[in-house]
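Note: hydrogens, waters and symmetry copies are ignored here, and every other heavy atom, side chains too, is used. Here is the naming used below: chain letters follow the sequence lines, and residue numbers restart at 1 for every chain.
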Number of protein chains: 2
Amino acid sequence: MAKVSFREQVLQAREDAIVDAVNRLLAEKGFDLMTVDEVVADVGIAKASLYKHFSSKEELAAAAMVRVLERALAELARLREQPGSALDKLKAVARWTMQVQLAGEMPSLPAQNSSLRAALTGHKLYMDRLLTLSDELGEWIGAAQADGSLRPDLPPEIVLYTLFARACDPVLALLKAGGQHSDAQIIEMLLTTCFGGLAGS
Amino acid sequence: MAKVSFREQVLQAREDAIVDAVNRLLAEKGFDLMTVDEVVADVGIAKASLYKHFSSKEELAAAAMVRVLERALAELARLREQPGSALDKLKAVARWTMQVQLAGEMPSLPAQNSSLRAALTGHKLYMDRLLTLSDELGEWIGAAQADGSLRPDLPPEIVLYTLFARACDPVLALLKAGGQHSDAQIIEMLLTTCFGGLAGS
DNA sequence: GTCTATAAAGCGATAGAC
DNA sequence: GTCTATCGCTTTATAGAC
């Protein structure tokens, strides 16, 4: 059992507060428009202090991503204990993902930023969590394709990417901005289009 | 008939070259990472010269968006002359959209950038083309819902936004980066998931 | 480790000569 | 209208006192 001093707890709490702020700002403005000055203003510390905890802006983004991936893994563990088919669980994951996004808690990173990509692919903890999540979802995808509840003719990676893409689906924000539907209605409709498609009978 | 001097033709050609470069850079790096310095280096002119044609970086992005919207409107006009149901035409539009993206010709603008949003919503030409495109697609959506080939229970706006979202679907780039499938295969599979959904029989 | 102060670089946009 | 040169500002990141 690790001995954790009071001092270390305080530091940990401060890092949590930093990641909290980063997560919210990433969800609100995205990586490119988020500035480190905003983060420190939000937390109420000096910039130099932040750089004692995290060595770069990219590290901040990676920390936020690790935390949301671990939240997702916790959700998967919870679903694994629940009754229901593999397809049910995949739908539940998609629903959870969209709930997080609508709650303004989903960090959004631009896929085009190469320095950020390099930092993420070189980040051990981030890559580990991402691969673990992909593997666990891959098992459910395989099971659902085996029992025919998910199209067996689709490569599993397409299913996986399509589910991941729900986390940053711009349709969610557009519908929310329209103000015509409740969050729950938006999510259920997008679940319909995601799994059932746009086409009719 | 307007009298167009040779001088004006040269200026128009230069503006076209600028928008060409902007369009490619927007597709490659996105608005935030694109710099005006890169644009002028690409075109081979001085920065001050560019600002004689376009008053801001946001104006550049708007010009690129206007051009791609007009390309889309031309594609719609072409499809209108072709045989096929409303659903067929909507699928063809989605296919065209994804082809443009895979060709690296689809400018990508961040929805979170508020100064850019303000510039676009205040840009008459951009708004006109966007609304025209939405209206024309809306007619096909209504027709397809009326004949049951598109789910009639979905609000038309969701269908519209879902089609628009194919233009910036990150799944396309992920699959292309994977290198396992040809562009045509990627597009056909995503058409399947978009209209038919992930679920099986 | 935290702060103030500042370095170093990149950015959008403009002045002024031609 | 085009150029060179530069302004003015923002940003990431760090130095050095405490």
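Between B:Tyr51 and the phosphate of C:dT14, there is no side-chain N or O to OP1/OP2 separation shorter than 4.0 Å. Taking 4.0 angstrom as the limit, B:Lys57 places a side-chain polar atom (N or O) nearer than this to OP1 or OP2 of C:dG12. A close approach under 4.0 Å does not occur between any side-chain nitrogen or oxygen of A:Ser49 and OP1 or OP2 of C:dG1.
Rounding to whole angstrom units, CG of residue A:Asp37 and C1' of D:dA13 are separated by 11 Å. Atom pair B:His53:NE2 and C:dA13:C1' shows a separation of 16 Å (rounding to whole Å applied). Going from atom CG of B:Asn113 over to atom P of C:dC11 covers 16 Å, rounded to whole Å. One atom, CZ of A:Arg14, and another, P of C:dC3, lie 6 Å apart when rounded to the nearest Å. Rounded to a whole Å, the CD1 atom of A:Ile18 is 12 Å from the P atom of C:dG1. Residue B:Leu25 contributes atom CG, which lies 15 Å from atom C1' of C:dC11 at whole-angstrom precision. Regarding B:Glu8, its CD atom lies at a distance of 14 Å from the C1' atom of D:dG1, rounded to whole Å. One interatomic measurement links the two molecules: CZ of B:Phe31 to C1' of C:dC11, which rounds to 12 Å at whole-angstrom precision.
The nucleotide whose nearest atom lies closest to any side-chain atom of A:Leu11 is, among D:dG1, C:dG1, C:dA13, C:dG1. Considering only the side chain of A:Ser56, D:dA13 comes nearest among C:dA13, C:dT4, D:dA13. Side-chain proximity of B:Ile45 to the nucleotides C:dA13, C:dC3, D:dC3 is greatest for D:dC3. Each of D:dG1, C:dG12, C:dC3 was ranked by its minimum atom distance to the side chain of A:Ala48; first place goes to C:dC3.
Distance alone, capped at 3.5 Å, is enough to place a donor-acceptor pair between the B:Lys57 side chain and the B:Phe31 backbone. In this structure, B:Gln185 contributes its side chain and B:Ser182 its backbone to a donor-acceptor pair below 3.5 Å.
Each of B:Leu50 and A:Asp32 was matched to the nucleotide of DNA chain D holding its nearest heavy atom; the match closer to the 5' end belongs to B:Leu50. Position along DNA chain D of the nearest nucleotide to A:Met34 versus A:Lys52 favours A:Met34 as the more 5'-ward residue.
The side chain to side chain contact (heavy atoms under 4.5 Å, CB included) test with B:Ile141 is passed by exactly one of B:Leu154, B:Ile158, B:Leu90: B:Leu90.
A heavy-atom distance below 4.5 Å is found between the side chains of A:Gln112 and B:Ser108.
Within 4.0 Å of B:Ser55, counting heavy atoms only, lies no atom of the nucleic acid at all.
We find that B:Arg67 and B:Glu70 are not joined by a salt bridge, their nearest charged nitrogen and carboxylate oxygen being 4.0 Å or further apart.
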